[in-house]
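Worksheet: one structure, shown below.
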Amino acid sequence: MPRFAANLTMLFNELPMLQRFGAARRAGFKGVEILFPYDIPLPDMRASARRNRMEIVLINCPPPNWAGGPLGFAAIPERKERFRRDFERALRVAEALSVRHIHIMSGKAEGAAALDCFIDNLRWAAGRAPHAGLTIEPINPIDMPGYFMSDFDLAETVLDAVAAPNLGLQFDAYHAHRITGDVIGCWRRHGHRAHHIQIAGMPGRHEPVDGEINYTEFFQVLAEDGYDGWVSAEYAPRTLTEAGLRWLQEFGKAQGQPPQDGSRPAPASRGRPLRRRIAPGTGS
Ligand SMILES: O=C(O)C(=O)[C@H](O)CO
Ligand SMILES: [Mg+2]
């Protein structure tokens, strides 16, 4: 049964960040994502998460600069040092907040050198923090032109090349729709690699209701596949967040029975909260 998380960078932004943890708990979420955890004192975030018994499920490395700035550095050969510095910072935050996944953003790049660089950086990160859950996420080229990690088959190539158990696919159904036009088909091809799921409606990236993506069917397929990881709401509320949360009650109940015949690939590891402090440079 999926557990639902709220992306606090996009939801409840009627409130200051530290008050959003409580609002998410009261709304029925069990966890949160924070794309920009770098400008809030860690003790305050840790206290707010603990007070509301909310797991921090995902943070970004680095925060996406939606104001037209860089969107990560992991696939940019001449920015390797910057990527590794960003990752060390993200790892410190993830350890301090017991975060389950660090989403590594590729940045804008293209070609074989970018692919080699991305694979090399991910191998380094997976070895630097073997107990950290790491994800890569295909992001559609309409919303993010030039972004390197823009395709699910490319993500599979990278995941196969890195072959690290703590590196998985971040399956954003909104991007899957914009890239392939077939969320269910994309899930059937790639979902067994998914360590984390995000959802949003189309058009407009609002609440996951109505619109072009059939989330009732998607959640039924997740139930049949026995997906037991997190599903995070990463959307822009049409009005106040609370006014658009009917879907959470609806989908929180929708459950099927996973097939007993093993006809679907076993779900990949879904990661776990990062608890062990890993001495710098030891990889252990
Ligand atoms: O853009 C998305 O869908 C993401 O999940 C990134 O982490 C934030 O840009
Ligand atoms: Mg996403």
Side-chain angles (χ1 to χ4, degrees), residues 2 4-11 13 17 29 31-39 56-76 83 86-87 89-90 93-94 97 99-109 118 122 125 132-152 154-155 158 167-180 183 186-187 190-191 193-208 211 213 215 218 222 227 229-237 270-271:
F4 289 103
N7 180 305
L8 297 187
T9 303
M10 298 181 79
L11 271 65
N13 48 24
M17 175 56 80
F29 291 102
V32 298
E33 296 180 340
I34 305 177
L35 301 184
F36 300 80
Y38 303 101
D39 51 2
I56 300 178
V57 177
L58 180 136
I59 65 173
N60 265 42
C61 168
N65 184 328
W66 286 317
L71 293 166
F73 304 95
I76 305 176
F83 164 69
D86 278 347
F87 184 78
R89 184 183 177 211
V93 171
L97 299 176
V99 173
R100 184 176 291 260
H101 302 294
I102 301 172
H103 168 217
I104 295 178
M105 296 193 78
S106 68
K108 292 191 174 186
F118 196 40
L122 290 168
L134 310 178
T135 64
I136 56 173
E137 177 193 38
I139 294 180
N140 83 77
I142 306 159
D143 291 356
M144 229 179 246
Y147 188 73
F148 175 75
M149 181 32 66
S150 59
D151 173 87
F152 285 82
L154 176 61
V158 171
L167 176 67
L169 177 68
Q170 182 170 318
F171 187 94
D172 185 315
Y174 166 79
H175 291 306
H177 178 75
R178 297 217 83 181
I179 293 170
T180 71
V183 173
C186 186
W187 173 263
H190 304 289
R193 309 296 291 259
H195 285 197
H196 186 63
I197 293 175
Q198 294 171 320
I199 59 173
M202 176 70 194
R205 204 170 186 177
H206 298 303
E207 286 79 358
I213 304 173
Y215 278 107
F218 182 59
L222 293 187
Y227 175 78
W230 287 91
V231 173
S232 180
E234 188 187 34
Y235 64 80
R270 308 295 179 205

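Counting starts at 1 for both ligands and their atoms, in listed order. In this text, all values refer to a predicted model and were calculated from it rather than measured experimentally.
Here is the list of ligand 1 atoms found below 4.0 Å of a heavy atom in N60: 6 (C), 7 (O), 8 (C). Close approach of ligand 1 to Q198 is summarised as follows: ligand atoms under 4.0 Å from at least one heavy atom of the residue are 5 (O). Close approach of ligand 1 to E234 is summarised as follows: ligand atoms under 4.0 Å from at least one heavy atom of the residue are 2 (C), 3 (O), 4 (C), 5 (O), 6 (C), 8 (C).
Atoms OG1 and CE, on T9 and M17 in that order, are 4.5 Å from each other to the nearest 0.5 Å.
Only protein atoms were considered; those of element N, O or S under 2.8 Å from the Mg ion (ligand 2) number 4.
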Steps toward side chain to side chain contact (heavy atoms under 4.5 Å, CB included) verdict (L134, F87) = CA-CA 11 Å; L134 310 178; F87 184 78; 3.8 Å; yes
I would like to know whether N60 and F36 meet side chain to side chain contact (heavy atoms under 4.5 Å, CB included); could you show each step before the answer?
-> CA-CA 7 Å; N60 265 42; F36 300 80; over 6 Å; no
Side chain to side chain contact (heavy atoms under 4.5 Å, CB included) evaluation trace for I197 with F218 | CA-CA 11 Å; I197 293 175; F218 182 59; 4.1 Å; yes
Walk me through it: do R205 and D172 pass the test salt bridge (charged side-chain N to carboxylate O under 4.0 Å, His left out)?
-> CA-CA 11 Å; R205 204 170 186 177; D172 185 315; 3.4 Å; yes
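With no hydrogens or angles considered, no side-chain donor-acceptor pair links H103 and E33 at under 3.5 Å.
The side chain of L35, and not its backbone, has at least one atom closer than 4.0 Å to an atom of ligand 1 (non-hydrogen atoms only; side chain from C-beta on). Neither the backbone nor the side chain of H196 has any atom closer than 4.0 Å to an atom of ligand 1 (non-hydrogen atoms only).
By the 30° and 60° cut-offs, the orientation of the rings of H195 relative to H101 is tilted. Between F148 and F118, the ring-plane angle classifies as perpendicular under the 30° and 60° cut-offs.
The option with the heavy atom closest to atom 3 (O) of ligand 1, from among H103, R205, Q170, M10, is R205.
A 4.5 Å side-chain heavy-atom check between I179 and P141 finds at least one atom pair inside the cut-off.
Distance from atom 6 (C) of ligand 1 to its nearest protein heavy atom, with residue and atom name: E137 OE1, 3.5 Å.
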